[in-house]
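A short worksheet on the structure shown next.
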2 protein chains.
Amino acid sequence: MSTPGYELPLRLLLGFRAIVDELHAELAAQGHPDLRPMHGFVFQAIGPDGTTAAELGRRLGVSKQAAGKTVEHLERLGYVTRVGDPADARRKVVRLTDRGLDALARSAQGFDRIRERWERTLGADRLAAVEEGLRTMTPDGHFPLDVPGWFANL
Amino acid sequence: MSTPGYELPLRLLLGFRAIVDELHAELAAQGHPDLRPMHGFVFQAIGPDGTTAAELGRRLGVSKQAAGKTVEHLERLGYVTRVGDPADARRKVVRLTDRGLDALARSAQGFDRIRERWERTLGADRLAAVEEGLRTMTPDGHFPLDVPGWFANL
DNA sequence: CTAGGATGGTCAACGAGGTTGTCCATATAG
DNA sequence: CTATATGGACAACCTCGTTGACCATCCTAG
């Protein structure tokens, strides 16, 4: 009786979830209790130069209205601001605030800490084997940002 | 420059997504277009002998009401039936129909096929290293069904 | 045998977050 | 200048998970 095929995707999901849950517990303890898993993808999609709600919706794989609601929510939480574009009166550019940048930095540090914990538990070689195997089996290059839209249909 | 910590969860998610998308495409082409990715895990949780909605909720980590709604939905799609338990008039046992068993069998075969493809690409030992590492780092026992809500809400 | 607690199922209200449809303001191409 | 495309906002609706409440049924301790 070999390993059943369903175990692999299940473990992948559980691993992702375990890391994300741990990260958000850290973030909550560091002054970001309202951040949710999808917000990291939203911050990445906004990018350093900011973007519009419509463009954000395209990047995230959701409608512009849904993106607009998310932006409004993050604005209430103080993570983003919307400023009018002098070059185009229709556009309202969404930008990360200092608080948003702080959350982004803490997320990066948190992911590094969690990886170090995996490394201590598994050992450097076994963790490297996992990462190397996943690197081989998953597409390289740009990480897709349409995760929120994809997750909704799960 | 060592591996950034954010790569691991991203690769885990990408791997999960790749497998699930591939299986979903197969199932849709085999007469199960309404089956959504997480339903396979629900079928696994129901098991060959059937269960109650309350027990299903416990196994999936959601409320009994949510499990009941999922059962109702799967019942409309023809994948499960609910039959009264003669030994306990409170219980309504959820069982897989022939269609449900067919979907379960095709899912299992699909997952196995995809795992074999990973094994051919990575080699048996490297795939085993990935699975073993994930097995070490992820908790046993729960097939989380609340994934969409988890991703958006917490 | 009965009283009290635990368990299973269902109904109702709510919230988060997504969707489509519509409308208006503004840009831009022909 | 006009026609089309785009960005933003509003409204109605859907899906799905949650909690709270309620009732029927089982089980166990007196």
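All values below were derived from every heavy atom in this structure, side-chain atoms included, with hydrogens, water molecules and symmetry-related copies excluded.
Side-chain atoms of A:Thr136 and B:Arg126 include a donor-acceptor pair closer than 3.5 Å. Checked by atom type, the side-chain pair A:Arg11/B:Thr138 shows a donor-acceptor distance below 3.5 Å.
Within 4.0 Å (heavy atoms only), B:Lys69 reaches at least one base atom of the nucleic acid. Among the atoms of the strands shown, base atoms are found under 4.0 Å from some heavy atom of A:Ser63. Counting non-hydrogen atoms under 4.0 angstrom, A:Gln65 reaches a base of the nucleic acid. Residue contacts shown for A:Ala66 include a base, since a base heavy atom lies under 4.0 Å away.
One interatomic measurement links the two molecules: CZ of A:Phe41 to P of C:dG18, which rounds to 14 Å at whole-angstrom precision. Taking atom CG of residue A:Asp88 and atom P of nucleotide D:dT6, one finds them 12 Å apart after rounding to whole Å. Following rounding to the nearest Å, B:Glu72 (CD) and D:dC14 (P) show an atom-to-atom distance of 16 Å. Spacing between atom CZ of A:Arg58 and atom C1' of D:dA5 amounts to 11 Å, rounded to whole angstrom units. Rounded to whole Å, the distance from CZ on B:Arg90 to P on C:dG5 is 16 Å. Rounding to whole angstrom units, CD of residue A:Glu55 and P of D:dT6 are separated by 12 Å. Computed from coordinates, the B:Met38 CE to D:dG17 P distance equals 10 Å when rounded to whole Å. Regarding B:Arg36, its CZ atom lies at a distance of 12 Å from the C1' atom of D:dG17, rounded to whole Å.
In the displayed structure, A:Asp125 atom CG is contacted under 6.0 Å by more than 12 heavy atoms of other residues, nucleotides or ligands.
Taking side-chain N and O atoms only, A:Thr52 has no distance below 4.0 Å to OP1 or OP2 of D:dT6. Between D:dG17 and B:Thr70, a contact under 4.0 Å exists linking OP1 or OP2 to a side-chain N or O. For C:dT10, the OP1/OP2 oxygens have a side-chain nitrogen or oxygen of B:Arg82 closer than 4.0 Å. One finds no side-chain N or O of A:Arg91 lying less than 4.0 angstrom from the OP1 or OP2 phosphate oxygen of D:dA9.
When each of B:Asp85 and A:Ala53 is assigned the nucleotide of DNA chain D with its nearest heavy atom, A:Ala53 is the one assigned upstream, toward the 5' end. Nearest-nucleotide assignment on DNA chain C puts the 5′-proximal partner with A:His73, out of A:His73 and A:Ala87. Nearest-nucleotide positions on DNA chain C for A:Ala67 and A:Lys64 put A:Ala67 closer to the 5' end.
Between B:His32 and B:Tyr79, the ring-plane angle classifies as tilted under the 30° and 60° cut-offs.
You won't find any donor-acceptor pair under 3.5 Å spanning the side chain of B:Lys92 and the base of C:dG8, going by distance alone.
Heavy-atom minimum distance, A:Phe16 versus B:Leu12: N-CD1, 3.6 Å.
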